[in-house]
There are 2 protein chains.
Amino acid sequence: MEKSEPLAFLEHDHSQCRQTALKCANNQGLRLTKWRQLVLDLLLEDHRSMGAYEILNRLECNGVKPQPPTAYRALDFLVEHGLAHRIEKLNAYVACARPDACQSAGFIICKECNIVAEVECSPSSPELLRVAANVGFDAESTVMEVEGICSNCQNGN
Amino acid sequence: MEKSEPLAFLEHDHSQCRQTALKCANNQGLRLTKWRQLVLDLLLEDHRSMGAYEILNRLECNGVKPQPPTAYRALDFLVEHGLAHRIEKLNAYVACARPDACQSAGFIICKECNIVAEVECSPSSPELLRVAANVGFDAESTVMEVEGICSNCQNGN
DNA sequence: ACAAATCTGTTATAATGTTACAATCCCGTT
DNA sequence: AACGGGATTGTAACATTATAACAGATTTGT
Ligand SMILES: [Zn+2]
Ligand SMILES: [Zn+2]
Ligand SMILES: [Zn+2]
Ligand SMILES: [Zn+2]
């Protein structure tokens, strides 16, 4: 599988995606506490994005349903450590599709099925970064998102 | 002034920006009703982004303070007709800096002073669009945002 | 003047995200 | 094993952003 294939929109063995992510999480020596683990599990179910409250509503451990801060803390942790990404256009979250090699990611978002494909690509348009650098701007993070309709949804699935 | 200069971070005659925008708005045969006009005026004060409620709080006409839908309707209208842009990273809005020639814009966002510079640039990273096209994705809109600290704010202004 | 379309007023509510502080758990040291 | 500091969780309240629904007013074209 090539590095910049939009896996999420292709037939693939998704259990591999899970495996890689979980292995990666463990290898980093992170403390994957119960809520973090559970949130990561939810996100890793597939390549759809989930809102914080969608996650929150599905979170549960021994009959205990946590409050909003619990979901946001876990999400912040996962995002901070590169195991998940925030999709600004959707105010939602996806599992990182390449936690082992995620430098700079862009996202292809289907507004029908909510699938989000992650693509490793150079940060932003070269023009934008060049222009920023030209005026001494210190760039810290970039958002690259393309929204539209995926091929499946165009064909009415 | 070159086309892809981040005007917002440069010394410039901002009254020109206003003029151009207002002229452009009128030329398009749009119905710039009072709220739309007032919201546009607020956005055109400078190149800072404003949240919908910041706008709402400052909106007022003959002593009448409108409700949220009024602000959102005006903003939706302005965005739809290219007179303003939504900044996804901030859930906020800026006046379009080049309403006369705005094809595809990226944004350079200072998290200190909230100034947002608009840069006319090719939509998204070429890689991202190519990859999307490769899988038959129908791209409708793209988000390109770079967040960081502007040169002014780095120097403690 | 009339009807249709657009815009506005108004109330209520939904969806998303944060603050603050106390209680608990984990981990390295004594 | 006891201790102490840092990280994590529990909990309640609250802040911010955005939309739904529907009635009334204004504008536009005929
Ligand atoms: Zn997968
Ligand atoms: Zn789709
Ligand atoms: Zn200006
Ligand atoms: Zn600044």
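Lettering follows sequence order; numbering is per chain, from 1. Everything numeric here is computed off the predicted structure, so don't read it as measured data.
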Engineer: Quickly work out the Asn57(B) CG to dA18(D) C1' distance and round it to whole Å.
Structural biologist: 15 Å
Engineer: Is the His85(B) to Tyr93(B) ring centre distance short of 6.0 Å?
Structural biologist: no
Engineer: Measure CG/Leu32(B) against C1'/dT27(D) and give the value in whole Å, please.
Structural biologist: 15 Å
Engineer: On DNA chain D, does the nearest nucleotide to Pro68(A) precede the nearest nucleotide to Ala52(B) from the 5' side, or the other way round? Give the residue.
Structural biologist: Pro68(A)
Engineer: Rounded to whole angstrom units, what separation is found between the OH atom of Tyr72(B) and the P atom of dG9(C)?
Structural biologist: 17 Å
Engineer: For His14(A) and Leu44(A), indicate whether the former's side chain and the latter's backbone hold a donor-acceptor pair under 3.5 Å.
Structural biologist: yes
Engineer: Looking only at side-chain N and O atoms, does Tyr53(B) come under 4.0 Å of OP1 or OP2 in dT16(D)?
Structural biologist: no
Engineer: Would you find a donor on one side and an acceptor on the other, under 3.5 Å apart, between the side chain of Asp46(B) and the backbone of Arg48(B)?
Structural biologist: yes
Engineer: Is the phosphate of dT26(D), meaning OP1 or OP2, less than 4.0 Å from a side-chain N or O of Thr33(B)?
Structural biologist: no
Engineer: Counting just side-chain N and O atoms, does Lys34(A) come under 4.0 Å of either OP1 or OP2 of dT24(C)?
Structural biologist: no
Engineer: Using the six-membered ring wherever Trp is involved, compare the ring planes of Tyr53(A) and Tyr72(A) and label them parallel, tilted or perpendicular (cut-offs 30° and 60°).
Structural biologist: perpendicular
Engineer: Looking at Arg36(A), does any N or O in its side chain come under 4.0 Å of the phosphate oxygens OP1/OP2 on dT8(D)?
Structural biologist: yes
Engineer: Determine, for Arg58(B) against Glu45(B), whether the closest basic-nitrogen to carboxylate-oxygen distance falls under 4.0 angstrom.
Structural biologist: yes
Engineer: Nearest whole angstrom, please: distance from the P of dA22(C) to the CD of Gln67(A).
Structural biologist: 18 Å
Engineer: Go through dT10(C), dG10(D), dT28(D) for me and flag the one nearest to the Arg31(B) side chain.
Structural biologist: dT28(D)
Engineer: Judged by each residue's nearest nucleotide on DNA chain D, which is more toward the 5′ side, Pro66(A) or Tyr93(B)?
Structural biologist: Pro66(A)
Engineer: Would you indicate which nucleotide in dT10(C), dG9(C), dA18(D) comes nearest to any side-chain atom of Trp35(B)?
Structural biologist: dG9(C)
Engineer: The side chain of Pro69(B) lies closest to which of these nucleotides: dA18(D), dT11(D), dT10(C)?
Structural biologist: dT10(C)
Engineer: Round to a whole Å and report the spacing from CE of Met50(A) to P of dG17(C).
Structural biologist: 14 Å
Engineer: To the nearest angstrom, how far is Arg73(B) atom CZ from dA21(D) atom P?
Structural biologist: 13 Å
Engineer: What is the separation between atom CG on Asp76(B) and atom P on dT17(D), rounded to the nearest whole Å?
Structural biologist: 16 Å
Engineer: Rounded to whole Å, how long is the line connecting atom CD of Glu80(A) with atom C1' of dT8(D)?
Structural biologist: 14 Å
Engineer: For Phe77(B) and Asn91(B), find the nucleotide of DNA chain C closest to each by heavy atoms; which residue's nucleotide sits nearer the 5' end?
Structural biologist: Phe77(B)
Engineer: So does Arg86(B) get a side-chain nitrogen or oxygen closer than 4.0 Å to the phosphate oxygens (OP1/OP2) of dA18(D)?
Structural biologist: yes
